[in-house]
Structures are given as C-alpha cells and as structure tokens.
Amino acid sequence: MSDVKGYAATSELSGLAPFSFQRRTPRADDVSIDILYCGVCHTDIHFAENDWGRTNYPVVPGHEIIGRVTAVGNDVNQFTVGELVGVGCMVDSCRSCPSCEQGLEQYCREGMTPTYNGEDRIDRLRTYGGYSERIVVSERFVVRVPDKLDPAAAAPILCAGITTYSPLKHFGVGKGHKVGVLGMGGLGHMGVKFARALGAEVTIFTRSEAKVAEAKKQGADHVIISTDPEQMAAATESFDFLLDTIPVHHDLNPYLSTLKVNGSHILASSLPGHWGPRSPSLPAPKPRWPKLRSRAPTTSSSLPTRSRWPPLPRALTSCWIPFRFTMT
C-alpha cells in the first residue's frame, strides 16, 4: 500500500477538498502511473454531488487520466517505465465472459469496475480516480498515448473523445455521409471533430443562436437552430447519422424526422426515463416514433471498448483538440 494525496467529495454538498488515501500494492499485471493531468468530465460533477443517487462517499473523481509509467509488474509486457499512458472510465472486468473475451469490457456480464466509485474485484478496496497523485491499474486497462500529443489537451479523449469516436467508427461514418451532431457540450465538440476527420459533412444542432460562431469555429459545416421550425423543416430527411450528445431528457421526434430512410440515430446521452438530469425547460418526451416507418433505427452507445483506442490518436492528427479543462 502507498499513501496518496488527492481531492475528494465527502457529501453531496461538500465540494472537493484535499483527501489522503491509500493505493493498493501493485500486482504482477499492474502498471504504476504518476498522474500528470486529469480532465474534468461532467460525470465527475454528477458523482461528486450524487446527482444519480449512486455515489459512495468519499469519492475521488477523475477518469480522463494522463500520466507516466513509474513501475510495471513482472507479468507486464505492453508498457515500460517512462512511457506516456492513459486510463479511462474502467479499470477492470471479469475478463472471462463473452463480452470481455471480445475486448468489450464495458458490456461485462458481471459489470465493469469503474475507475472511481467502484470496488476492486480482488481486494474489495474502493476505487479512487484521477484527481490524485498516482494510480495503479492492470495493463489491460491502460492505453498508450503518443508523445506527439499534448498530454494536457489529450486528457479529455479518454472519455468524451473515445465515447464519440467509437460509435462513429462502429457505424461506418465516412466520406460522403452527412452527420448531425445534437448538442455542443464536451461530447458534441468532439463529435464534430471526429466526424469531420472521418470525412463526413457535419451539422450541429443547437438551441442557441449564440453558439453558431463557436460551432463553425469547432469545424461544423452547418448549424441548425433546433428551436426554429423552418430550419428543422428544411432539414427533413437530410442526414445519414445523428450523434445525440444532449445530456438531458429530450423529445427525439423532431430530430428523427431529419434522418434519411435507413438513417441511424446514435444516442451517446440519456434515454427518456433513464438516469440522468432532466432540463425543466424541455417538455416531457412524447411516446411516438414517426421515423419507424422508414426503418431509421435508434441505437445507443455506452462506454467505448479499449480496442477502439489504437487508431484514435491517428484520427486526432487531422482534427484540432483544444480542450484544456485539466487539474494538475
């Protein structure tokens, strides 16, 4: 065991404060990492404030971790001391179910072990995240980060980045496709960049006129104000894919009408009735699905598989990642 300093929330109202805890003694397959940067994901705020009713206090958030390897276990063969590495949203799984055997640990039959607010599968110690000095993780859940990437700017790709990149790759988004990105928060910004890097023509849907200039700056070819009926009507059956990153419950119907026949609506956010915050300014979702007649499926995207990571840095070379929401 080793003593580590970090930042933790101890209650829904406490905010983050200095916190000391212990990391486990490294195992044979473990990689020990000095944390250089950790992105601030909105999920961290939700857990710190117990918005979803699932927080076990004290909680040390942070699952967009960039650091340097300081030691490796005897069985580690993928990493060496001094390498720049990352740790994302999960740090373990059962490793033996069909999903885990395919490298889809996010769908582990027994449930993946989250980087924080979880329980170690072996010693039952609580998992603490990246708002801390160091972390110890099995090499199976560590990814290599190219040295040419700015480590501070790269941190958010461990969650927001790969959460949008993974479904775009899975559904084959590429040159000649028209992609609509719903929402322009952390996920939406990334979705625009990756869809453009993959060769698609990209349109941002936003409720705010004030975001038009920012959307164009981030690489959007077009912007649609979703509260403007004329703009929405003009977009009817225009898109091959919709990447939905809106983080609150919302009516899907107006957006589904913008899909082409056989288009796909990819949810990277909350389904109506699923856990997650609800905006009081939005009406309750209506239980009707007008685009079912044209076989436009609504699919969802959970945490991404680690196997999606290797090509991601290559995609980053063709799009600018300006994020610097980090804690050092």
Side-chain angles (χ1 to χ4, degrees), residues 33 35-46 61-67 84-91 103-106 112 114-116 129-130 137 141-174 179 181-200 202 204 214-215 217-220 241 243-247 266-269 300-327:
I33 302 166
I35 297 174
L36 302 176
Y37 300 96
C38 185
V40 178
C41 177
H42 206 141
T43 298
D44 301 341
I45 300 172
H46 289 313
H63 56 205
E64 299 177 348
I65 301 167
I66 300 288
L84 188 67
V85 296
V87 178
C89 301
M90 53 187 165
V91 292
L104 300 172
E105 293 91 344
Q106 72 272 33
M112 61 90 179
T115 304
Y116 64 84
V137 183
F141 296 88
V142 178
V143 296
R144 184 170 286 104
V145 178
D147 282 316
K148 64 182 179 182
L149 287 181
D150 177 349
I157 65 178
L158 271 301
C159 181
I162 200 162
T163 297
T164 50
Y165 174 79
S166 182
L168 292 173
K169 286 293 290 183
H170 177 79
F171 290 101
V173 171
V179 176
V181 178
L182 280 53
M184 206 178 68
L187 290 178
H189 279 76
M190 289 287 195
V192 170
K193 294 178 182 301
F194 287 128
R196 280 291 304 275
L198 292 169
V202 184
I204 275 277
E214 177 66 16
K217 179 181 177 182
Q218 297 301 325
F241 300 94
L243 180 65
D244 191 338
T245 73
I246 299 173
I266 305 166
L267 279 166
S269 54
S300 61
S301 180
S302 181
L303 296 175
T305 171
R306 60 188 171 84
S307 64
R308 286 290 183 197
W309 174 261
L312 180 53
R314 293 195 291 274
L316 288 172
T317 61
S318 58
C319 61
W320 175 54
I321 302 299
F323 293 89
R324 289 185 179 275
F325 299 103
T326 58
M327 177 178 292

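One-based numbering along the sequence shown.
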Considering all heavy atoms, the nearest [X]-[Y] contact:
{"X": "Pro167", "Y": "Leu243", "result": "CG-CD1, 4.3 Å"}
{"X": "Gly186", "Y": "Ala160", "result": "O-CB, 4.1 Å"}
{"X": "Val40", "Y": "Glu64", "result": "N-OE1, 3.9 Å"}
{"X": "Phe171", "Y": "Phe241", "result": "O-CZ, 3.4 Å"}
{"X": "Glu105", "Y": "Met112", "result": "O-CB, 3.4 Å"}
{"X": "Val87", "Y": "Ile33", "result": "CG2-CD1, 3.8 Å"}

**Q.** Which residues share a ring-ring contact (aromatic ring centres under 6.0 Å, His included) with Tyr116, sequence neighbours left out
**A.** Phe47, His63

Q | Verdict with supporting geometry, Val181 and Val202, side-chain contact (heavy atoms from CB on, under 4.5 Å) | A | CA-CA 7 Å; Val181 178; Val202 184; 3.9 Å; yes

**Q.** From CA spacing to verdict: side-chain contact (heavy atoms from CB on, under 4.5 Å), Leu168, Leu198
**A.** CA-CA 9 Å; Leu168 292 173; Leu198 292 169; 3.8 Å; yes

Q.
Side chains of Gln106 and Leu104, heavy atoms from C-beta outward: is any pair under 4.5 Å?
A. yes

Q.
Do Ile65 and Leu158 make a side-chain contact, defined as non-hydrogen atoms from C-beta onward lying under 4.5 Å apart?
A. no

What distance do [X] atom [atom1] and [Y] atom [atom2] have between them, rounded to the nearest 0.5 Å?
{"X": "Thr163", "Y": "Ile157", "atom1": "OG1", "atom2": "CD1", "answer": "11.5 Å"}
{"X": "Met184", "Y": "Met190", "atom1": "CE", "atom2": "CE", "answer": "13.5 Å"}
{"X": "Leu187", "Y": "Thr245", "atom1": "CG", "atom2": "OG1", "answer": "5.5 Å"}

Do side-chain atoms of [X] reach the backbone of [Y] as a donor and acceptor pair under 3.5 angstrom?
{"X": "Asp244", "Y": "Ile246", "result": "yes"}
{"X": "Thr164", "Y": "Gly161", "result": "yes"}
{"X": "His170", "Y": "Ser166", "result": "no"}

Q. Between Val173 and Val179, does a side-chain contact (heavy atoms from CB on, under 4.5 Å) hold up when you go through it step by step?
A. CA-CA 8 Å; Val173 171; Val179 176; 3.7 Å; yes

Q: Go through Leu84 and Arg144 one step at a time and tell me if the side-chain contact (heavy atoms from CB on, under 4.5 Å) criterion holds.
A: CA-CA 6 Å; Leu84 188 67; Arg144 184 170 286 104; over 6 Å; no

